[in-house]
Structure formats: C-alpha cells, structure tokens
Amino acid sequence: MLLTCIEIFFARLLDVTISTCRTMVMVRKKSLITPLLAFCEVFVWFYAARKALMTQINSIMIPICYSLGYMTGTIIGGWIAHKWIKNINSIEITTKKNNYELIDTLRNKGYAVSVIELKENFRDEKDLLIVDVKEKQTKEVLRLIHSIDEKAFIVIKDTKVVHNGYIK
C-alpha cells in the first residue's frame with residue numbers, strides 16, 4: 001500500500017506542477033510550449049487517476065495521498081513559474097505635479113519614466129508617472145518612491161507584453 005500511495009502522490013505532484021506552469025505560460029502568450037505541457041499534464045493525470053481508482057486498497061490514505069500530491073504540486077508549480085517565467089510590472093504613481101525629485105531619482109537609477117499631467121477631479125495638480133520594470137526590481141522602485149513621496153498613490157499591474165520602449 002505504501003508504494004501505491006507514494007506513486008499516486010508523486011504522479012499528482014508532477015501533473016499539477018505541469019498544470020500550474022502551463023497556465024502561467026499560456027497567460028504569458030508563450031503558446032508554442034503550452035500544448036506540449038498540456039499533453040504531459042493529462043498523460044500523468046490519467047496515470048495517477050487510474051492508479052487511485054483501480055487499486056483494491058480500501059484505505060483513506062489513497063485519497064489523502066492524491067490530495068497531498070495536488071497540494072504540493074500547486075506549491076511547487078507556483079514556485080517554478082515565479083522563478084522561471086519572467087514578469088514585467090507596470091507601476092503607476094500618482095504624485096504632486098512636477099515632482100522632479102522623484103522623476104530624476106528614478107531616471108538616474110536607470111528606469112524609464114513616462115509623465116502624464118492629470119487635470120480633472122483633483123484639488124491639487126497631479127502627475128501620473130508610469131514605470132515598467134522587471135518583477136524583481138519592483139521592491140527597489142517602491143522603496144525609492146516611498147523615500148521621496150510617502151503619500152504617493154501607487155498601483156502595480158502585471159504587464160503581459162511590452163513592445164519598444166525601455167526596461168532596465
């Protein structure tokens with residue numbers, strides 16, 4: 001029984017890891033590898049499901065190992081996707097008008113900053129700064145922003161594709 005439980009656990013771990021990575025790759029528009037990952041995912045899932053359903057063992061350990069494999073595969077798949085699939089974040093900063101200290105600091109650190117003047121619905125004049133960065137640089141940019149303008153309104157968006165422009 002122990003061998004069957006281990007087989008089911010690792011088969012589920014593998015198929016859910018592949019599934020999580022496939023989903024992230026598909027969202028990122030890397031469609032050439034997606035069908036291959038889908039094939040591998042279903043192939044392994046079929047093995048795990050068949051093994052779990054065809055066993056003659058009537059033990060609660062079979063569904064527990066099946067579920068634990070699913071849980072662990074989700075964790076590992078998320079970690080792999082986070083490490084290997086490169087994300088770009090778009091940071092939108094609403095700040096006081098002509099905040100040259102913030103703009104110059106970001107640009108001097110090598111970040112491209114787009115500045116848009118905001119005119120309506122504000123008592124004070126404001127600017128919208130847009131900075132696109134690699135995900136791993138997001139914390140550094142946030143530290144810079146907060147060190148200069150701790151009242152800045154910040155929105156971070158996951159960006160799928162960037163054409164042209166500059167990203168440090």
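Please read all numbers here as calculations on a predicted model, not as lab measurements. Every heavy atom of this structure was used, including side-chain atoms; hydrogens, water molecules and symmetry mates were not.
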For [X] and [Y], which heavy atoms make the closest approach, and how far apart are they?
{"X": "Cys21", "Y": "Ala81", "value": "SG-N, 4.3 Å"}
{"X": "Lys109", "Y": "Leu144", "value": "CG-CD1, 3.8 Å"}
{"X": "Leu102", "Y": "Leu129", "value": "CD2-CD1, 3.6 Å"}
{"X": "Ile93", "Y": "Ala152", "value": "CG2-CB, 3.8 Å"}
{"X": "Ile130", "Y": "Ser90", "value": "CG2-OG, 3.7 Å"}
{"X": "Thr94", "Y": "Lys126", "value": "CG2-CD, 4.0 Å"}

Name each donor-acceptor pair under 3.5 Å that joins a side chain in residues 47-54 to protein atoms two or more places apart or in another chain, with its distance.
| unit_1 | atom_1 | unit_2 | atom_2 | d |
| --- | --- | --- | --- | --- |
| Tyr47 | OH | Glu7 | OE1 | 2.4 |
| Lys51 | NZ | Glu7 | OE2 | 3.3 |

Those residues that, when tested against [X], pass side chain to side chain contact (heavy atoms under 4.5 Å, CB included) (two or more places apart):
{"X": "Ile60", "value": "Pro63, Ile64"}
{"X": "His82", "value": "Glu135"}
{"X": "Ser67", "value": "none"}
{"X": "Val141", "value": "Ile91, Leu106, Tyr111, Val133, Ile145"}

Pairwise distance [atom1]([X]) to [atom2]([Y]) - rounded to 0.5 angstrom:
{"X": "Met61", "Y": "Ile6", "atom1": "CE", "atom2": "CD1", "result": "10.0 Å"}
{"X": "Lys134", "Y": "Ile88", "atom1": "NZ", "atom2": "CD1", "result": "8.5 Å"}
{"X": "Leu118", "Y": "Lys97", "atom1": "CG", "atom2": "NZ", "result": "8.5 Å"}
{"X": "Met26", "Y": "Thr34", "atom1": "CE", "atom2": "OG1", "result": "6.5 Å"}
{"X": "Thr23", "Y": "Ile18", "atom1": "OG1", "atom2": "CD1", "result": "11.5 Å"}
{"X": "Thr20", "Y": "Trp79", "atom1": "OG1", "atom2": "CH2", "result": "13.5 Å"}

Kindly write out the residues that satisfy side-chain hydrogen bond (donor to acceptor under 3.5 Å, both in side chains) with [X], not counting sequence neighbours, or none if the list is empty.
{"X": "Asp127", "value": "none"}
{"X": "Thr95", "value": "Asn99, Asp149"}
{"X": "Thr159", "value": "none"}
{"X": "Lys157", "value": "Glu92"}

Any link between [X] and [Y] through a network of hydrophobic side chains (Ile, Leu, Val, Met, Phe, Trp, Tyr) touching at under 4.5 Å?
{"X": "Leu36", "Y": "Val44", "result": "no"}
{"X": "Phe46", "Y": "Ile62", "result": "yes"}
{"X": "Ile75", "Y": "Ile80", "result": "yes"}
{"X": "Ile33", "Y": "Leu14", "result": "yes"}
{"X": "Leu68", "Y": "Leu2", "result": "yes"}

Notebook entry, point to check: Can you tell me if NZ on Lys96 sees more than 12 non-hydrogen neighbours from other groups inside 6.0 Å?
Noted result: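 It does not: Lys96 NZ has 12 such atoms or fewer within range.
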Margin query: Under the rule for salt bridge (Lys or Arg N to Asp or Glu O under 4.0 Å), what residues qualify as partners of Glu150, not counting sequence neighbours?
Written below: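 Listed in chain order: nothing, the list is empty.
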Checklist line | Under 4.5 Å side-chain linkage, directly or through intermediates, the cluster mates of Tyr70 | finding: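 Tyr70 clusters with Val16.
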Notebook entry, point to check: Does Phe153 sit in a hydrophobic cluster with other residues, and if so which ones, taking ILVMFWY side chains as linked at heavy-atom separations under 4.5 Å, directly or through other members?
Noted result: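 Once heavy-atom contacts under 4.5 Å are chained together, Phe153 belongs with Val155.
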Next item on the list: Keeping the roles fixed (side chain from Glu140, backbone from Gln137), state whether a donor-acceptor pair exists under 3.5 Å.
Entry: no
Item checked: Side-chain heavy-atom pair Phe9, Thr72 within 4.5 angstrom cut-off ->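 Heavy-atom side-chain distance check passes, below 4.5 Å.
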